Each structure stands twice: as C-alpha cells, then as structure tokens.
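In what follows, chains are A, B, ... by sequence order, proteins preceding strands, each numbered from 1. Computed from a predicted model, the values in this text were never measured in an experiment.
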2 protein chains.
Amino acid sequence: MPKRTDPGRRPTLADVAARAGVSAMTVSRVLAGNYPVAPPTRSKVLRAMRDLDYVVNAHARALAGAATRTVAVVLDDPTGPFFAFIARGVEQQAASEGRLCLLCTTHGDPEREAAVVELLREQRAEAVILVGGAQDTATYTERMTGFARALDRSGSRLVLCGRPSPGPGVPATVVEYDNEGGAYAMTSYLLANGHRTIAYVGREPGLSTTDERVAGFRRAHADHGAPLDESLIRPGAFSRGGGRVATEALWAERADVTAVFAATDMIAAGALQALRGRGVRVPEDVSVVGFDDIPLASDLTPALTTVHVPHEQLGREAVRLSLHRGPDLDDRVMLGTHIVVRDSAAPRRP
Amino acid sequence: MPKRTDPGRRPTLADVAARAGVSAMTVSRVLAGNYPVAPPTRSKVLRAMRDLDYVVNAHARALAGAATRTVAVVLDDPTGPFFAFIARGVEQQAASEGRLCLLCTTHGDPEREAAVVELLREQRAEAVILVGGAQDTATYTERMTGFARALDRSGSRLVLCGRPSPGPGVPATVVEYDNEGGAYAMTSYLLANGHRTIAYVGREPGLSTTDERVAGFRRAHADHGAPLDESLIRPGAFSRGGGRVATEALWAERADVTAVFAATDMIAAGALQALRGRGVRVPEDVSVVGFDDIPLASDLTPALTTVHVPHEQLGREAVRLSLHRGPDLDDRVMLGTHIVVRDSAAPRRP
DNA sequence: ATGAAAGCGCTAACAG
DNA sequence: CTGTTAGCGCTTTCAT
C-alpha cells in the first residue's frame, strides 16, 4: 500500500510537497522562512500545510542538524520562594528567544542532579541552567567542572545561576548577584541609623551566599569604624524555624542587641515570631532586616526592610548570556542588589 | 577523511559498536535493556560507551520511533501561589515515570496558549497539561476541543487540570477537584458554628471555579434550612486588593454579617486587611474563611481556616492518568477537598 | 544471541 | 528561485 494513503500517519514534509506539487526542499524553505521563495509557490505550500494539518517534527529537525531550541532549568524545588521567580525569568527569556524550556528538579540530591545533567545531554539542550546556592567546596568545584566539560562535549552549555563559579578555564557561564554589596548596604543603613550592636542571624557555614553576606557585614562595620563583636554572628538554619530558634538563643544571652540582620527573609520571619513571643516590639525596641525580598517580606507585620535580589532578571540573564555568548571559554556577570526600606527597621532609640 | 577520526564529533552508536567489535544493533539492545545480550558482550559494550563518553541522541531515538518520554505543563505564571505546587506534582510524577517535563507559560493570553500547543505538537510531547481556571464558555469548549483533537492527531494527549471538561467524546483527560464539596463543607462548618448571616466574597462571574463554589455555598444553606440572602454573594476580583475592596463595600452596607467566606485565600487576606482597618476583630467579632490553602493561609494573622485543594496531587494525577490510560476516548477524575481548621473562624458570639 | 538493511522526517550542500 | 542527493543517529523488521 502506498504510504500516502496510510490513514493514521501524521503528514510529513513530503506529503505537503506532493500536495503542493513542489519539492520537499521548497516546503522546508517556506517553513524556515530564511530563503527567498516565489510568493505563489509559497501560498500553495502554506495551503497544503493547512489542508493536511501539517506539523513539523522537532526531532527530525534537530537530528538533521538544526539546533534543538531548548534550554533547561534545574531547580531544587519549584515551590521554593524564589526559585519560582528565577524559573519565570528563564521561561520568559527562553520564550522571547523562541526556545522551549525544560524543567527538572533535584531536591538537593547530587546524584539526581548528575542524572538530570545526563538526561539533558541526551536532549542536546542548548543550555543547562543550574539554580540555587551550593556548598562552595572542592567537591563542588570538581562536580561543576565535570558537568561543564561533559555538557560542552555534547554541544551544550552549563550555566550556574546564583552559584559560585568553578573558576576560570572551565566552559561555563556564571550569573551571580552581589551578596557582599547588598549586605554592605544594609549594614551601613543600620549603622547610619545609630545601631551599634547588630546581630547577624543565620550563618550557614560553607554555604556560598553566607560567606559573601557576612563579608559585607564585616566590611561595613570596618568602614564605619564600628567595632564588630564576632559572637554576634550567629549560626542557624535557612528556615523560619531556624530563625526563631537562633533568635531565642540570642536573646537568652544578649539583651543589648538593637538590630537583627537576618541572613534571609525566612529567617527574619522566624526572628519576628521569636521577638513577638518575648514581647519585644519591632521596630520600636529592635530593628529587624532580611535578605532576598521574597513576596512574604511585604506580607509580614511589620513589613520587612530587606535586600532585593533580582531573581527574575537572574533567570533572564542566564538564558540570554548562554545563547549569545562570545568566543570566550567562560563568562560571568554579576547583577546588583539594593535595599528595600519598609517598616521593620528604625533609628535606634536612645 | 574517515568519520571516526573527526575530532569534534560526538560519538555515535556506530562508534561504540566499532570500538566494542559488535554491531550497532547490539549496542542498541544493551541501551534499551529489553532484550537478552550475552554478559561478556554486554560488558564490552558498556566499556566502550564509557571510554567514548557516549550519550544517546534523544532526537534520533524519537525519530526512529521510540516515544519522546516528555510531558509538558502549560501554566499561566509559575510564580502564582499554587501553580508552583501543581508544577511540582507534574514534575515529580514525570520524573518517577522516567519522563522529562517541559514548562511553558501563557500569561493568560489565549493566542500564546494556542502557539504553545502548536509548539508542543511539534515536540510530540506525550501529554500536554493545561493548568488553571478558565471561563467556562462556549468559546472555551470549542478551543479545548480543538486542542484535544489537534494533539490527538499528533499522537499526544490533552490534559485539563483544574479546568472544566470540554464534554464527552473529546479525546482529553480531565483532572478536577471538588469545588462544590469543599464549599459545602466549609459553609456547613460556619452554619454549625451558629453563623446565619454569611457573606460570600469574590464571585467572579463566568470563572469555572466560582459557580461550583457558590453552588456548594447554596446547597449547604438549603440542607441546613438556613435562608440565604442573595445580596450577600458579593462580586470581586480574585486578588488581595479585590478582597479588600469588596469587604469595605460589604461593611458599608451590612454590619450584621458574622462570617465571611472568601472565594480564595488571597481574597481572604484582603478581607482581613479591610476588617483590621475597621477595627473589627477576627475571629471574635467576625469569622473569615478562605479557599485553596496556599502557604500564605497559615502565615496570616490569625491563621486562616480554609479549604484544602490538593494541588500537588492534581499535578501528579494529570501525568499518571495521561500516561496509563485505558481505551476510552475521554477520562476524568475528581480529587477531594477538605477543610483545614485554623484560627480565623469561631462560634458566633451571642 | 547477534547482524544487515531499511527507513523515521528533516535540512545542508550543491547543482541547475 | 527550485530541485537532487545525502546523510543526521537511532530503531525497527527480518535474517541468521
């Protein structure tokens, strides 16, 4: 039986060509639109495509040499407070560049992460965007270098978004934001408001963002000539509960603190809970500030003064940069952060 | 020059076969693992694959007839409060079924939605999951029927998740949740707590979920023999601002209301703002309840009593059902909802 | 248990 | 401006 009459078959380029009385190549050119085709021919082809409800086969196209026009985001968990914004940035930029967007999650499991990278190599994704903080250790650097090289060999590009760079010479794109600068600006703001006994709550040792934020906290103290009591840099988990616990512990020891710089907005939310529980008024008695500017920040009572991180732009830049990249092996950009003044911080009361 | 020595080329199945001294077919079988291969041969092949850093080409595979092993979610906006949870459910189930997940957004634009469906037809995605409420009009039904048929012709499956069914006989899978039952349960709860003047705030005419929720509200009144004052069903936008405005307007007219059933948690948040602004205490003076059970609900003060919608499970079911589906043309499931009692509702004060 | 041959549907590279 | 010829890398028959 001739193929043409096969009933359940999806129409192919050849079918369209036959129906329009032209060659397959002409149809291909009409599709791509990057080559001159005589208008009458063009309309005949378009007509045939419509008649047959023709849909190109993206896989055949990818196999024949065209780019896959697909980028991938790899997240910890799409319900995270800011991962969603990064995902939105990625998706938007991908869409505006005519790319489709693959979404994968790892739940923080390194094995799953490796498996996902492998899957994305199979897909020949143009870019693989790894999102979210990570332990900045030697192991991490090795892993990322491995991913970068492997993806490079597959004709794909690794993008580290909000993660530390594996160093120069590694074929990867890095999109960061200014943790140090944001912490510096916020600490300066508190110091300018007369605070001198500022606790930094929620240091998670080893986490890349932590070190940078603490560095900004330190530099601001130094630049303002304010002595920094190291015992005021408090450890704690990056969660609401962690913030509550750490703040409770802090108050048990030091009632002289007049401002709390929480490492994240979530921690700040926990700190507010703890302080409310103790009958401490914010910002009258104590100022509390956060970092990240997640939606929750403006919902808290009082609305949280915090450092804005351009999550969405981070996602957009990740796509943009990986798609239009120069001849360099590695490239990176750092996006700025800035403080957002709301109601949770006030000048120190005498 | 022989292909094999081409330096930048990605190794193919043939390369692996050559290196292992077997035919391409044998390598393919090792890869698929669904056919007996002699253990020694097998190891030789695996060895060669590792040596060459071989990665299958998903597109070649898809072209040669294998399934694409890809499902797609189409969202309004990934930063929406519950879209993220549905996306998580989809992604998790997809991963556990060995599928990759494409993420597309439409920002509520029907044209973009149609364009996205077309793109996904090109990708031969196994399932295309459309998420989120929609106006249940004749136009909607036609659109969805069109999508369903088009996807069906491309060997793909349309899944409507939390959206109305286009009716029987249309090749689509529908995964819904029980809006009517949830509203019934919540209204019953308020009635059982002695409330008799309950306002329903945030009716968006035409939106599919609205009608079902209002129906449950009505049925509960009827079943409890409580008269329902139609003027207490208040229109309003599905947003915090909408809730605030609608509640302000309500209070200006009716100070006798003792309970507010907000159509969504966001509306409830707005209602709480409005009531706080007026110095009305919740739940002492007025009870407020919501619908959806988004994370914000437990963060509000007081924590919101609301109807839980199983968003994540909705996403999981969408994938599961579309992948393991019987011979029927259309299929649907409805997931249950239940009330979550927190602090924003109390017995009516005498 | 393994291999050979024939495509899957498209586009790149050359003609004309 | 349009057509021809060759694959892209894999999996499906059908043989052996």
Looking at A:V174 and A:R163, what are the two nearest heavy atoms and their distance?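 It is CG1-O, 3.8 Å.
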
Taking all non-hydrogen atoms of both residues, which atom of A:P166 and which atom of A:T145 are closest, and how far apart?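 Distance-wise, the nearest heavy atoms are CB-OG1, 3.8 Å.
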
Please round to the nearest 0.5 Å and tell me the distance separating atom CZ of A:R121 and atom CZ of A:R153.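 Spacing of CZ (A:R121) from CZ (A:R153) equals 5.5 Å.
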
Could you state the [atom1]-[atom2] distance from [X] to [N], rounded to the nearest angstrom?
X      : N      : atom1 : atom2 : value
A:R42  : D:dC1  : CZ    : P     : 12 Å
A:L13  : C:dC8  : CG    : P     : 13 Å
B:K44  : C:dA1  : NZ    : C1'   : 12 Å
A:R61  : D:dG9  : CZ    : C1'   : 18 Å
B:D15  : D:dC8  : CG    : P     : 10 Å
B:E122 : C:dC10 : CD    : P     : 10 Å
A:L31  : C:dG9  : CG    : P     : 15 Å
A:M49  : C:dC10 : CE    : P     : 11 Å

Residue whose closest nucleotide on DNA chain C lies nearer the 5' end, A:H59 versus B:R29: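 It is B:R29 whose nearest nucleotide is closer to the 5' end.
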
Between [options], which nucleotide gets closest to the side-chain atoms of [X]?
X     : options              : value
B:M25 : D:dG9, D:dT11, C:dG9 : D:dT11
B:V22 : C:dG3, D:dT11, C:dT2 : C:dG3
A:S23 : D:dT2, D:dT11, D:dG3 : D:dG3

Does [N] have its OP1 or OP2 closer than 4.0 Å to a side-chain nitrogen or oxygen of [X]?
X     : N      : answer
B:S28 : D:dC10 : no
A:T26 : D:dG3  : yes
B:T41 : C:dT2  : yes
B:T12 : D:dC8  : no

Would you mind telling me which of A:R99, A:R157, A:R69 makes a salt bridge (Lys or Arg N to Asp or Glu O under 4.0 Å) with A:E126?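 Only one option passes, and that is A:R99.
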
Find which nucleotide of DNA chain D each of A:L63 and A:A24 is nearest to by heavy atoms, and output the residue with the more 5' nucleotide.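 Counting from the 5' end, the first nearest nucleotide belongs to A:A24.
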
Side chains of A:Q313 and A:E317, donor plus acceptor under 3.5 Å: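 A:E317 and A:Q313 do not have a side-chain donor-acceptor pair below 3.5 Å.
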
